[in-house]
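The structure appears below as structure tokens.
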Protein chains: 2
Amino acid sequence: MTDKPLSGRKAQAARNDKLILEAAHEVFVADPEAPIAEVAKRAGVGISALYRRYPSKEDLLRKLCADGLARYLELVSEAVEAEGDPWEAFRAFMRGVVLADTPSITVRLAGTFTPSPEMFKAAVDGDAANREMMKRFKSAGILRADVENGDLQMVTESICSINIGDAERTRAVRLRALELYLEALREPGAAPLPGSPVSDEEMGARWIPRNMKE
Amino acid sequence: MTDKPLSGRKAQAARNDKLILEAAHEVFVADPEAPIAEVAKRAGVGISALYRRYPSKEDLLRKLCADGLARYLELVSEAVEAEGDPWEAFRAFMRGVVLADTPSITVRLAGTFTPSPEMFKAAVDGDAANREMMKRFKSAGILRADVENGDLQMVTESICSINIGDAERTRAVRLRALELYLEALREPGAAPLPGSPVSDEEMGARWIPRNMKE
DNA sequence: ACCACACCAGAAGGAACCGTTCTGTTCCGG
DNA sequence: CCGGAACAGAACGGTTCCTTCTGGTGTGGT
């Protein structure tokens, strides 16, 4: 409570900016359909403090999702540019995604707002970077050849769907599940995988707002 | 449409029994918070046809969940009593759970109703059978020693959280993800798993109705 | 010293949703 | 030919939740 430059209306506002984003992140990760009042309560501010910053709930969600997308892009970039043991780079990437919980804030929220053009761009960029990353890891011989981008998405998404009350414990259990998966992703695979991985179109279809479906 | 004994009010009623349960299954698997009118529409019946059979939505959900639990018990029993290749028995069990989608109809619905005493019994029985199954597979040397019951639950649950529009395609993608996991579950594991598996208490905590939380 | 304004907390408005009940109809069975 | 079981869907009432509105407070400029 007793921050450093406590006084100043501007300072409080700046602090609230951060408080609100953090609260929104926590709340919507826990429940994508949470009411906006929950965010305000968690942040310890009034509702009007929210509406001063974001014109609507949808805008807040979009911002949150864009941040998550950006974080994901960072992680991919790190993985692509990493030097040293490729396997550890891959492992770090996957752990990073699970720890940052980006699937919960991107795909899980998808469909609740109309994506902004920037987000489309981020998606395209991310796709390219993803592809680059897969290529690198495969040519390094650490990733089995028959896993593809869609497979990784499914792995991280399904792991991030694990949720058991306590946040700390949830994180631990997810990392445990990840370790299982990692073992299976590593080259060489025992038997070929059945079916085909999730395609880009299939992944993309989830981003169209629910209102516009069918 | 042209069934065998098409006429008869009793016959239609019996047919509706089934239609309603099937529709409810589909609807609530797709969206656990779906309105009850959605079930009626999917079943092609009126709302009153539903309320004639179940006193309330909660009762319908409970019935659905109980059926899912029973199906799960069947699968465990089959696995325990299976003869022949233990690995194939285990694999069949996991595929069975994923295909029947029992996690979506049990755990995912948990908390939306107060469990019936029968369900508690089923849970206890299931637990014992589960334990028996794990013991068998481990002593057969096909399951790595450091995976436990909670791990399997997490695996099936997270796989069943995968969902991409089309039902048929979703099934295929889930089976693909399962194959990855299976490889990782098989003895011998490369490295020990981190953390501890989800405990029975943790799993059980999710069944207490949301109203009663905190 | 003081005041205009940025900022904020929380109540009020108003619309949408949904579980349940109610009304009127159909058609089997005796 | 009638009594009533079964049904479709409208109506009701309660709840939820986004958004706007009201009233209050402290700050920075003058």
Side-chain angles (χ1 to χ4, degrees), chain A residues 1-24 27-28 30-64 109 111-114 209-213, chain B residues 1 3-24 27-28 30-64 109 111-114 209-211 213:
Chain A
M1 297 303 162
T2 57
D3 286 23
K4 290 161 296 184
L6 182 69
S7 72
R9 207 68 176 206
K10 284 270 176 61
Q12 181 185 5
R15 222 172 322 127
N16 277 358
D17 282 351
K18 208 172 119 184
L19 279 178
I20 286 173
L21 270 182
E22 285 174 357
V27 167
F28 289 123
D31 175 13
E33 304 185 18
I36 222 167
E38 192 70 27
V39 176
K41 192 166 69 171
R42 173 85 66 118
V45 304
I47 297 198
S48 57
L50 273 176
Y51 274 86
R52 165 155 296 274
R53 282 150 241 261
Y54 304 95
S56 73
K57 182 184 191 179
E58 190 174 326
D59 286 284
L60 173 56
L61 287 172
R62 195 158 25 226
K63 160 73 169 159
L64 232 41
L109 256 42
T112 63
F113 54 82
T114 59
R210 301 211 201 296
N211 310 329
M212 302 189 161
K213 284 270 177 74
Chain B
M1 296 302 161
D3 285 21
K4 291 161 297 184
L6 182 68
S7 74
R9 208 68 178 208
K10 284 270 177 60
Q12 181 184 5
R15 222 173 320 129
N16 279 356
D17 282 350
K18 209 172 118 183
L19 279 178
I20 286 173
L21 270 181
E22 285 173 358
V27 167
F28 289 123
D31 175 13
E33 304 185 17
I36 220 165
E38 192 70 27
V39 175
K41 193 165 69 172
R42 174 84 67 117
V45 303
I47 298 199
S48 57
L50 274 177
Y51 274 87
R52 166 155 293 275
R53 282 152 241 261
Y54 304 94
S56 72
K57 182 184 191 180
E58 189 174 327
D59 287 284
L60 173 55
L61 286 172
R62 195 161 22 227
K63 161 71 170 158
L64 232 39
L109 257 43
T112 63
F113 54 82
T114 59
R210 303 212 199 297
N211 310 331
K213 283 270 178 72

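Chain letters run A, B, ... following the sequence lines, proteins first and then strands; every chain starts at 1. Note that the coordinates shown come from a computational prediction; the quantities given were computed from them, not determined experimentally.
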Item to check | Derivation of the side-chain contact (heavy atoms from CB on, under 4.5 Å) call for B:Arg62 and B:Asp59 | outcome: CA-CA 5 Å; B:Arg62 195 161 22 227; B:Asp59 287 284; 3.2 Å; yes

Checklist entry - Would B:Lys57 and B:Phe28 satisfy side-chain contact (heavy atoms from CB on, under 4.5 Å), going step by step from the backbone distance to the final call? => result CA-CA 11 Å; B:Lys57 182 184 191 180; B:Phe28 289 123; 4.0 Å; yes

Item to check | Set of side-chain contact (heavy atoms from CB on, under 4.5 Å) partners for B:Asp17, sequence neighbours left out | outcome: B:Arg53

Checklist entry - How many Å lie between CZ on B:Arg52 and P on D:dA8, as a whole number? => result 11 Å

Only pairs under 3.5 Å count here: list side-chain donor-acceptor contacts from residues 35-48 of chain A, not counting sequence neighbours, and write none if there are none.
from	atom 1	to	atom 2	distance (Å)
A:Arg42	NH1	A:Glu26	OE1	2.3

Under 3.5 Å, which N/O atoms of the protein pair with N/O atoms of nucleotides 18-22 of chain D?
from	atom 1	to	atom 2	distance (Å)
D:dC18	OP1	A:Lys57	NZ	2.4
D:dC18	OP2	A:Ile36	N	2.8
D:dT19	OP2	A:Tyr51	OH	2.6
D:dT19	OP2	A:Lys57	N	2.9
D:dT19	O5'	A:Tyr51	OH	3.4

Next on the checklist: What is the separation between atom CG on A:Leu19 and atom C1' on C:dC7, rounded to the nearest whole Å?
Outcome noted: 15 Å

Item to check | Euclidean distance, atom CG of residue A:Leu60 to atom P of D:dC17 [Å, nearest integer] | outcome: 16 Å

Next on the checklist: Can you tell me how far apart CD1 (A:Ile20) and CZ (A:Arg52) are? Round to the nearest 0.5 Å.
Outcome noted: 10.5 Å

Checklist entry - Phosphate oxygens OP1/OP2 of C:dC8: is one of them under 4.0 Å from a side-chain N or O of A:Asn16? => result yes

Next on the checklist: Measure CD/A:Glu38 against C1'/C:dG10 and give the value in whole Å, please.
Outcome noted: 15 Å

Checklist entry - Passes side-chain contact (heavy atoms from CB on, under 4.5 Å), A:Tyr54 versus A:Leu21? Steps please. => result CA-CA 11 Å; A:Tyr54 304 95; A:Leu21 270 182; 3.5 Å; yes

Checklist entry - B:Arg53 side chain N/O closer than 4.0 Å to the phosphate oxygens (OP1, OP2) of D:dC7? => result yes

Next on the checklist: From CZ of B:Arg62 over to P of C:dG19, roughly how many Å is that when rounded to an integer?
Outcome noted: 15 Å

